[in-house]
Amino acid sequence: ITLMDIKTLVGKKFFSPLVILTGVSLLLFLIIAGFLIKFIIIDKLKKVNINVKKVSERNYDIHFEKKGYDEIGQLAIQFESMAKTIRDYTENLENKVKERTNELQKANEMKDMFISILGHDLRGPIGNLNFIFQNIMHPEKKIDKEVYALFSQSIKNIFLLLEDLLSWSFSQKGFQNPKFENFNIHISIQKSIELLKCMALQKNITINYQEDYDSIVFADFTMISTIIRNFISNAIKFTPEKGKIFIKTQIENKFLFVSVEDSGVGMSNDHIKNLFQLDKNNFSSVGTNNETGRGLGLFLSKKFVESNGGKIGVESEIRKGSKFWFSIPLGAADLKSKNHHKSDLKTQLTKLRCLIIDDNHLELKASSTIFDQLKIKYLIANNIQETNDLINKYSFDIIFFDLEFHNINQIINKELINNKKDISLIALTSFPLEELMNQKQIIYDHYLLKPFDQHILISKIAEILKMK
């Protein structure tokens, strides 16, 4: 538009006051609208964009100051909620990853410790046995008492260590669940003393225990025996020559407290703090005769005491000895009268007719020795043919069978159960039953862990007779 054109338009009065006012109003409206668009839309979109960038950088801690009720405000609310959900999910996932990493690290440490224990603690006793067999024991030679004691103790050390290792392994897998029963704690204590008396005699240590036939508890017999054995073994280990060990029981508030006190070297408070933990850097101290260990026994003891609903503790002072104790719930009061009926049970044992199915001659020897001591009548089958012949020919009250016996499913089956309804079936195994049952579907009424002793066998048979 040229200057002449403008003059022409003015001359024609095109720009009237109304038109000018309208133009100014429109201009002001556009300016205000621009500011509003910038404030309401563009600024908010910029904030959304900034927070989107934060989320893309894994920073989920975002917040919009003014969300409003328009579409962008609602978008901000939804976006903030989404970011919070992502943050919570990510944190949860990271925590799970940390937990799994810690579990794997602990499993690795446990594996390393397991190998270390096998390599260190088993090497000594097995090395002693190897030396005895290679250099001392010959068919034409007589074994003197000292060599026999060393031989016997080495075997016991290996057995005890393997027991602890297996218990530890089963507990790690979740198979070590308590099997509660009423029993006299005296039996468990006496059994442990008998097992460890050779170790005590080698150091001329006296074990003092006053038998208490009324201390009935309700717990897992095997676990409690393991705890007591570990306490006594630990006391022997840290007690010097000609020392003394005192074992006591005491009843308090429906719990039985068992304590093992020694006159040994004692411990510092720092040592006590980590005593019941199993850590690769927390190996057990060396005993007074340079006995070694890894603290596995005390770790298991704590685990077993807690599994049986009790508590565990220790009191110690350097050069004044230590006192280990644990508590377990008391058992049924009417069990006290059972001691008067032992003669009746022994009579019933002699009337039993049993069959033992096993092809391991060493285990058969151990089992038959216990049966002979209890005067239980029994026959032995080493294969399927012998087993079938004996079952068809004789009538048995109880059949004991090895779960690892070849083709045991062909013998112990539904047909046998239907034909011999009065027979009780006891499975014998060296493995945790839960683990073995996952592989073999075998019918059984009861089971015994090998090797078993007189008490365990009598308890199991007594249970069967009571059910019948």
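The figures that follow rest on heavy atoms only: side chains count, while hydrogens, waters and symmetry mates do not. Index from 1, following the sequence.
For the atom pair Phe238 CZ and Met267 CE, the distance stands at 8.0 Å (nearest 0.5 Å). Here Ile251 contributes atom CD1 and Thr249 contributes atom OG1; the two are 7.5 Å apart, rounded to the nearest 0.5 Å. Here Ile357 contributes atom CD1 and Ile380 contributes atom CD1; the two are 11.5 Å apart, rounded to the nearest 0.5 Å. If you take CD1 on Ile205 and NZ on Lys242, they are separated by 12.5 Å, rounding to the nearest 0.5 Å.
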Inset, instruction - Kindly indicate, with the supporting measurements, whether the criterion side chain to side chain contact (heavy atoms under 4.5 Å, CB included) is fulfilled by Ile426 and Ile464. - result: CA-CA 10 Å; Ile426 298 183; Ile464 293 169; 3.4 Å; yes
Legend entry - Candidate pair Lys302 and Glu306, rule salt bridge (Lys or Arg N to Asp or Glu O under 4.0 Å), full reasoning: CA-CA 6 Å; Lys302 184 176 186 295; Glu306 291 172 351; 2.6 Å; yes
Legend entry - Residue pair Glu194, Lys191: steps toward the salt bridge (Lys or Arg N to Asp or Glu O under 4.0 Å) verdict: CA-CA 5 Å; Glu194 187 67 26; Lys191 177 185 172 185; over 6 Å; no
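Taking the six-membered ring for Trp, Phe371 and Phe400 have ring centres closer than 6.0 Å. Less than 6.0 angstrom separates the ring centroid of Phe231 from the ring centroid of Phe326.
The shortest side-chain heavy-atom distance between Leu275 and Phe324 falls under the 4.5 Å cut-off. With contacts defined as side-chain heavy-atom distances shorter than 4.5 Å, the pair Ile247/Ile232 qualifies. In this structure, the side chains of Tyr378 and Arg353 stay at 4.5 Å or more apart for every pair of heavy atoms. Taking 4.5 Å as the limit, every side-chain heavy atom of Ile224 sits out of range of all side-chain heavy atoms of Val217. Side-chain contact between Thr226 and Phe304 is present, with heavy atoms from C-beta onward closer than 4.5 Å. The shortest distance between side-chain heavy atoms of Trp325 and Val305 does not fall below 4.5 Å. Within the 4.5 Å cutoff, the side chain of Leu448 has heavy atoms near those of the Leu457 side chain. Residues Thr429 and Tyr447 are in side-chain contact: their nearest non-hydrogen atoms beyond the backbone lie under 4.5 Å apart.
Among residue pairs with one or both ends in residues 252-269, those qualifying as side-chain hydrogen bond (donor to acceptor under 3.5 Å, both in side chains) are Gln250-Glu252; sequence neighbours excluded. Within the structure, the salt bridge (charged side-chain N to carboxylate O under 4.0 Å, His left out) test picks out the following pairs touching residues 359-373 (sequence neighbours left out): Glu363-Lys450.
Checked by atom type and distance alone, the side chain of Ser368 pairs as donor or acceptor with a backbone atom of Leu364 at under 3.5 Å. No side-chain donor-acceptor contact under 3.5 Å links Asp220 to the backbone of Phe180. For the pair Lys203 (side chain) and Thr239 (backbone), a donor-acceptor distance under 3.5 Å is present. Between the Asn234 side chain and the Leu298 main chain, no donor and acceptor come within less than 3.5 Å of each other. In terms of modelled atom types and a separation under 3.5 Å, the side chain of Thr350 and the main chain of Thr347 share a donor-acceptor contact. For the pair Ser188 (side chain) and Asn184 (backbone), a donor-acceptor distance under 3.5 Å is absent.
Side-chain contact annotation: Glu99 with Asn95, donor-acceptor N/O pair under 3.5 Å absent.
Residue Lys323 places its NZ atom among 12 or fewer non-hydrogen atoms of other residues, nucleotides or ligands, all under 6.0 Å distant.
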